[in-house]
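Model, not experiment: these values are computed from the prediction. The sequence lines fix the lettering, A, B, ..., with proteins before strands; numbering per chain opens at 1.
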Amino acid sequence: MSEPADRRLPLHDWHVARGARMVPFAGYAMPIQYEGILAEHRWTRGSAGLFDVSHMGQLIVAGPEAEAGLDALLPADLRILKDGRLRYSLLLAEDGGILDDLMVTRRDDHFYVVVNGATKDADIAHMEERLPRGAVLDHMKEQALLALQGPKAVDALSRLAPGVEALGFMSGGAYELAGGPAWISRSGYTGEDGFEISVPGSRVAAVAEALAGEPEVKPIGLGARDSLRLEAGLPLYGHDLDPETTPVEADLAFAISKRRRGEGGFAGWHRIMAELEGGPIRRRVGLAVEGRQPVREGAAVVDADGDEVGKVTSGGFSPVLEAPIAMAYVPAASAAPGSAVRLVQRGKIFEAKVVPMPFVPHKYHRKGAAV
Amino acid sequence: MTVYYTKEHEWVRVEGDQATVGITDFAQGQLGDIVFVDLPRAGRQVTTGAEAAVVESVKAASDVYAPVSGEVTEANSALADDPALANTDPEGEGWFFRLRLSDPSELDGLMDADSYKSFCDSQ
């Protein structure tokens, strides 16, 4: 067997030693699965899964104009973002198209931004071209990123990094983990409670080894990461989101903060406000597909005459619901929950119904919420 | 009874003019968790190399080609109800369909178990 001609991440040999099947993804060799996608998916929902997401871009934006510079690129209200808090946000083009989705954290005197692996080089070029002189972007190329996700993630991690149990959803802090510093936030991409852990690449094998040594934890591949995020209703950039898609169409208007809706001053504001007021022509929705056969990305949404009026952008088999589910862009008139939608895949017709997302309820650890 | 194998990782078990078709252990390992199969109805004519069934894993959809020509006599309803049988017992309970051979000489072009093993090792 030939090795994939892709860049290697710091944990490459660790994955291979644990029996991972490696595949090319975002320009890297990444683990798609260890024991199997269904088993890994269920393990994460029931215990804790360890994911290597070191392909993602970890950026620092610092300097006196960092906040103003990011304000012009993102629709988030950074003014009210407290120290150690995260926001989901979108890197927007001038026409309101989505260039990437990301997490931005205020960390003392700078912002820490995590962007997608496949888009990070373009994101950095876009941002560097537009940030003012008083804002400096640093790509932390040597930094690795792990995610520990699932209902028992807090039990495993708090044993190794005492104090993390006090973090609320979408907040983070600096901790000691496996003999060195780590930035840990309570966040993730599975719909479960869990953490994301940023450590230097030189130490990530020791950190992964320590985490995987806890009885609740197993390593999980990209295959289950995709089925978990689909059940959680979370869009995947390059599939459910792209430069042709606006935040309102993508049902991500929650990422356009209230103050910025009124004040504007970010890329795409005019189009986004028009869509917020008049409604978009199409919208991202969740679909429950009849039968058992999965309908996948690329399948057409068709009207009563069989004409294509939309597209499935993610689809698969939900291990929790034991049924096929999908995300699709459909005409606004068909976007309300309960609407019947017809799909065509490889010449075969599938009936589906618009359902609210997430497909499987989120279990985030919100501070102040009843436990 | 003789078992033959194809380069598309199907097996064919032949008894007289009756053949049972399924996917090999190697194939199920590559596909991963199987969640759906679409099987041909009894009475359908299938021809060598043409799509006869569809198997969907969590990851992707794959066609299953007819390894030999003939008329389908039975589809495995137990597999349709529990597609994971193709993972747990691919060369037994997880069979796909049976057919009546229309041209037994087509079997000559298929591999025996030893040749198939060498073929998999070279993949």
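- For B:Tyr65, the OH atom counts as loosely surrounded, since its 6.0 Å shell holds 12 or fewer non-hydrogen atoms of other residues, nucleotides or ligands.
- How far CD of A:Gln293 is from CZ of B:Phe36: 4.0 Å, rounded to the nearest 0.5 Å.
- Within the structure, no pair that satisfies the salt bridge (charged side-chain N to carboxylate O under 4.0 Å, His left out) test touches residues 9-36 of chain B, not counting sequence neighbours.
- For B:Ala61, the parts lying near chain A are the backbone and the side chain together; criterion is any non-hydrogen pair under 4.5 Å.
- The contact between A:Arg292 and chain B is made by backbone and side chain atoms together, counting heavy-atom distances below 4.5 Å.
- Contact of B:Asp63 with chain A is made through the side chain alone, with heavy-atom distances under 4.5 Å.
- Among the residues in residues 344-361 of chain A, those with a non-hydrogen atom closer than 4.5 angstrom to a non-hydrogen atom of chain B are A:Gln345, A:Arg346, A:Lys348.
- Atom-to-atom distance recorded for A:Asp226:CG and B:Lys59:NZ is 12.0 Å, nearest 0.5 angstrom.
- The contact list for residues 67-97 of chain B toward chain A, using heavy atoms and a distance under 4.5 Å, reads B:Pro83 by residue number.
- Listed in order of number, the residues of residues 38-58 of chain B that approach chain A to under 4.5 Å between heavy atoms are B:Asp38, B:Val54, B:Glu56, B:Ser57, B:Val58.
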